[in-house]
Amino acid sequence: MQLNETMIGKIAVVKVEEKRLESSVALDFRERIVEFIKKGNLHIVLNLSEVEFIDSSGLAAMVSALKTLGGKGNLVICGVRESVLVLFQLTRLDRVFRLFSSEKEAIATLSS
Amino acid sequence: MEQRAKLLVTIDSRFDCIPHVGKAVESLCSLFPLSQKQVYEVQLCVVEAVSNAIKHAYHNEPGHHVEVQFEISCDKVSIRVCDFGTTMHQSSLKETSTFHLQTELADPQAIPESGRGLFIMKTLMDEIVYTSKGGKNCLTLTKTLLSQPKIP
């Protein structure tokens with residue numbers, strides 16, 4: 001799957017360049033983002049603005065990433081589409097992950 | 001004549017087959033007056049049901065059949081996903097009612113990574129029935145679609 005990784009100071013912006021984040025790509029996504037964290041990238045903005053569809057395996061990969069951080073950093077999410085937001089709300093993961101409407105807002109919050 | 005659409009497809013138990021089923025369901029839903037949210041929810045339930053069949057009935061092993069039957073009319077959606085693998089315990093269907101609360105109340109390290117699929121299907125659908133007969137396991141989900149408000 002395609003991930004676009006950009007560093008803005010100490011903040012890593014990871015943009016998912018896929019329209020679907022589901023079981024067919026979730027394992028690859030999880031492995032890559034966990035590896036990214038283990039390399040020392042502890043403050044991450046996950047940009048989901050291109051993603052039109054997520055299922056529970058996509059969510060599981062994000063939870064796995066959060067647990068890998070182990071409270072030593074931050075994983076926030078931006079650009080969640082309205083239909084995808086329903087899934088975060090349904091599973092109460094909107095109370096676990098901080099969700100921002102824009103990448104700019106997410107970066108500004110992590111930088112402060 | 002009532003408008004109705006039906007999809008019958010058998011896929012191999014591979015995760016890369018699931019997006020094709022999801023997109024086909026999404027396309028059929030677009031023929032009916034459903035909101036974007038409803039279309040997403042219906043597609044999600046189909047995808048979750050098929051994923052569960054591959055993960056749990058076939059233990060992620062390719063080379064097996066998953067049958068998907070999807071029917072939609074203006075007032076109802078019906079999803080039926082069948083496999084010929086390991087039968088699910090009926091108790092699994094009952095153990096999901098507080099899943100979301102576990103997530104909300106837990107320390108992040110204790111948040112379950114997996115297991116949300118059944119909870120999602122149970123929450124979004126009106127009825128969920130699991131049957132197993134003659135080696136064939138079927139998960140049937142149904143939902144009554146509320147009529148859309150007429151724009152004055």
Side-chain angles (χ1 to χ4, degrees), chain A residues 1-2 16 18-31 33-34 37 42 44 48 51-77 80-99, chain B residues 11 13-23 25-26 29 34-56 60 62 66 96 98-125:
Chain A
M1 69 171 301
Q2 285 208 321
V16 178
E18 300 282 343
K19 292 204 179 300
R20 299 178 73 95
L21 187 50
E22 57 184 323
S23 53
S24 54
V25 297
L27 184 61
D28 184 26
F29 173 62
R30 169 197 262 161
E31 286 174 354
I33 201 153
V34 165
I37 291 169
L42 300 181
I44 299 173
L48 298 180
V51 181
E52 296 173 350
F53 183 84
I54 296 180
D55 72 352
S56 62
S57 59
L59 291 182
M62 291 180 230
V63 170
S64 181
L66 187 66
K67 289 165 90 166
T68 303
L69 277 171
K72 294 176 204 161
N74 297 285
L75 171 64
V76 302
I77 299 173
V80 175
R81 297 191 183 199
E82 205 176 313
S83 48
V84 174
L85 181 62
V86 165
L87 183 59
F88 278 88
Q89 291 168 336
L90 186 70
T91 56
R92 304 282 175 106
L93 286 174
D94 59 329
R95 302 181 192 206
V96 173
F97 292 102
R98 291 183 70 182
L99 303 178
Chain B
I11 61 165
S13 53
R14 297 192 336 258
F15 292 117
D16 61 359
C17 291
I18 299 177
H20 302 291
V21 178
K23 288 175 197 170
V25 165
E26 187 183 28
C29 287
L34 271 67
S35 66
Q36 259 193 325
K37 179 173 176 269
Q38 284 176 308
V39 173
Y40 185 93
E41 290 175 353
V42 169
Q43 188 191 172
L44 179 62
C45 288
V46 173
V47 166
E48 294 291 347
V50 176
S51 288
N52 271 9
I54 295 174
K55 282 178 200 169
H56 303 298
N60 298 337
V66 180
T96 60
T98 57
F99 192 96
H100 61 305
L101 294 177
Q102 291 169 33
T103 296
E104 185 176 355
L105 300 174
D107 163 33
Q109 289 305 313
I111 294 172
E113 287 179 37
S114 59
R116 288 181 177 80
L118 266 178
F119 168 77
I120 288 167
M121 287 186 274
K122 280 184 79 173
T123 305
L124 294 178
M125 293 283 125

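Chain identifiers are assigned alphabetically (A, B, ...) following the order of the sequence lines, protein sequences preceding nucleic acid strands; residue numbering begins at 1 within each chain. A quick note: this is a predicted structure, and the numbers were derived from the prediction, not measured.
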Leading residue by heavy atom contact count with chain B [cutoff under 4.5 Å; candidates A:Ser23, A:Gly71, A:Ala26, A:Gly70]: A:Ser23
Hey, which of A:Ile54, A:Asp94, A:Leu69 has the most heavy atom pairs under 4.5 Å with chain B? A:Ile54
Test side chain to side chain donor-acceptor pair (under 3.5 Å) applied to B:Asp16 - qualifying residues, sequence neighbours left out: B:Arg14
Any side-chain heavy atom of B:Arg116 sitting closer than 4.5 Å to one from A:Leu93? yes
Gap between atom [atom2] of [Y] and atom [atom1] of [X] - 0.5 Å precision:
X	Y	atom1	atom2	result
A:Leu59	B:Ile120	CG	CD1	6.5 Å
A:Ser57	B:Ile18	OG	CD1	7.5 Å
B:Phe15	A:Ser24	CZ	OG	9.0 Å

With A:Lys67 via side-chain contact (heavy atoms from CB on, under 4.5 Å) - residues at least two apart: A:Val63, B:Gln109, B:Glu113
Solution key, residues 81-88 of chain A side-chain donor-acceptor pairs under 3.5 Å, sequence neighbours excluded:
{"residue": "A:Arg81", "atom": "NE", "partner": "A:Ser49", "partner atom": "O", "Å": "3.1"}
{"residue": "A:Arg81", "atom": "NH2", "partner": "A:Ser49", "partner atom": "O", "Å": "3.1"}

Looking at every heavy atom in both A:Arg20 and B:Gly22, which two are closest together, and how far apart are they? NH2-CA, 3.9 Å
Counting heavy-atom pairs under 4.5 Å to chain A, which of B:Pro19, B:Cys17, B:Gly117, B:Ser51 comes out on top? B:Pro19
Residues of residues 40-50 of chain B with any heavy atom under 4.5 Å of a heavy atom in chain A: B:Tyr40, B:Glu41, B:Gln43, B:Leu44, B:Val47, B:Glu48
What part of B:Ile54 lies closer than 4.5 angstrom to a heavy atom of chain A: side chain, backbone, both or neither? neither
More than 12 heavy atoms of other groups within 6.0 Å of B:Gln36 CD: no
